[in-house]
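Data block below; observations after.
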Amino acid sequence: MTDGQKPDLRGVFLRIGLVLLVIAVAGSGVWLLRSASEPEQSPLEVPAASVPVAHVTPGAVAPPQPQAGAVGEDPLRTWADRVAGIVDVPARALMAYGNAELVLRATQPGCHISWATIAGIGRVESDHGRFGGAQLREDGRPSRPIIGVPLDGSEGVRAIGDTDDGRYDGDAQVDRAVGPMQFIPSTWRKWASDANLDGVGDPQQIDDAALAAGRYLCAGGRDLATPKDWWAAVFSYNNSVPYGQKVFGLADDYARAAAG
């Protein structure tokens, strides 16, 4: 759906029972919106090795911001199934990205975040939950946990000591990025989200992770419809020009393909 069209949000809300306005998270107080702290995402971009760098100047332009949604008995799934047939993104991942957009357009309308931007990050970080041969299951979890390399300060790797006693990453010595959106455990604790309303904020579950990523991108009152704030949001996730250019190229491609 093009940016100028409005999705049937009422149908989405009533039929699917998404988490719009009904916000719950594992852990106390994590739904209090906070300004984004210094980014702690993994500097490694292995899943994005095959993603081309878009030839665009950071801050000069923002990609299109299409909206998720459709009409019918199950509008979000209908939309996801249609778009999955056009772009190389699993329908289950698209449902998570679209749900995150719809939640944030309802709760933080000034952010103007799009599923396409979240999808761009999801592709760079974990190939939409498929990195390392994993498959995204219907429950939104990868067939095997996605755990990044030890952040032990070795060459090309940032040093981050253990912050979760191994709770999320299984490593009680140093931290590792976890899940399809590759959150560092300490960052996850700040932005943990329970998008599937199962009572647990799980960084391995793509609905939870996509919504947390969207909230992180929208932090500080950013308006992602503007070039300045779109680039600031992506750089808050990973302060790397090639990273931002890859996400831009992906988001732009997803948006244009879905609108075609």
Under the salt bridge (Lys or Arg N to Asp or Glu O under 4.0 Å) test, residues paired with D88 that sit two or more places apart: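 With neighbours one apart ignored, the set is R130.
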Can you list the residues that meet the salt bridge (Lys or Arg N to Asp or Glu O under 4.0 Å) rule with D198, with sequence neighbours excluded?
->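 For D198, the residues satisfying salt bridge (Lys or Arg N to Asp or Glu O under 4.0 Å) (neighbours in sequence not counted) are R141.
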Just to verify, what does [X] make a side-chain hydrogen bond (donor to acceptor under 3.5 Å, both in side chains) with, not counting sequence neighbours?
X	value
D253	none
D152	S154
T57	none

I need the [X] [atom1] to [Y] [atom2] distance, nearest 0.5 Å.
X	Y	atom1	atom2	result
I86	D81	CD1	CG	11.5 Å
W188	R167	CH2	CZ	10.5 Å
T117	D252	OG1	CG	10.0 Å

Linked, directly or transitively: V89 and I146 (ILVMFWY side chains, under 4.5 Å):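 In one cluster: no.
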query: Should V157 and V174 be counted in the same cluster of Ile, Leu, Val, Met, Phe, Trp and Tyr side chains packed under 4.5 Å apart?
result: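 Different hydrophobic clusters.
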Given side chains that start at C-beta, do those of [X] and [Y] come closer than 4.5 Å, heavy atoms only?
X	Y	answer
I121	L217	yes
R123	Y254	yes
I147	V178	yes
Q205	D139	no

Do you know the tightest heavy-atom contact between [X] and [Y]?
X	Y	value
P185	T163	CB-OG1, 3.7 Å
S126	P180	OG-O, 2.7 Å
P90	A84	C-CB, 4.4 Å
A134	P142	CB-CB, 4.1 Å
R215	A192	NH1-O, 3.6 Å
P227	G59	CB-O, 3.4 Å

Sequence-distant partners of [X], side chain to side chain contact (heavy atoms under 4.5 Å, CB included), two or more places apart:
X	result
D229	R222, D223, T226
A210	A96, Y97, A100, I118
A80	A91, L94, M95
E138	R77, R92

Any pair with a residue in residues 202-260 that passes disulfide bond (SG atoms under 2.5 Å apart), sequence neighbours left out, goes on the list, sorted by first then second residue, please.
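The answer is C111-C218.
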Taking disulfide bond (SG atoms under 2.5 Å apart) as the cut-off, I'd like each qualifying pair that reaches into residues 164-209, sequence neighbours left out, listed once.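 Qualifying pairs: none.
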[X] side chain vs [Y] backbone, donor-acceptor pair below 3.5 Å:
X	Y	value
S193	A195	no
D194	G199	yes
Q108	R105	no

Scan side-chain atoms only and decide if D202 and Q204 contain a donor-acceptor pair under the 3.5 Å cut-off.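 Short answer, no.
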* Would you kindly say whether Y237 and Q182 are connected by a side-chain donor-acceptor distance under 3.5 Å? =>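 No, no side-chain donor-acceptor contact under 3.5 Å.
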query = Where do D164 and R189 land on the side-chain contact (heavy atoms from CB on, under 4.5 Å) test, with the steps shown first?
reply = CA-CA 9 Å; D164 68 333; R189 284 203 305 273; 4.1 Å; yes
Which word best sums up how the rings of F248 and W230 line up, parallel for under 30°, tilted for 30 to 60°, or perpendicular for over 60°?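 Perpendicular.
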- Query: Stepwise, does the side-chain contact (heavy atoms from CB on, under 4.5 Å) test hold for D208 with F183?
  - Reply: CA-CA 11 Å; D208 294 355; F183 275 95; over 6 Å; no
Between L151 and I184, is the side-chain contact (heavy atoms from CB on, under 4.5 Å) condition met? List the steps. CA-CA 10 Å; L151 300 178; I184 298 300; 3.2 Å; yes
Start with the C-alpha distance between N238 and V124, add both sets of side-chain angles, then the distance that settles side-chain contact (heavy atoms from CB on, under 4.5 Å), and finish with yes or no. CA-CA 11 Å; N238 189 321; V124 171; over 6 Å; no
Listed once per pair and sorted, the salt bridge (Lys or Arg N to Asp or Glu O under 4.0 Å) pairs that draw on residues 175-184, sequence neighbours left out: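 Qualifying pairs, neighbours excluded: D171-R176.
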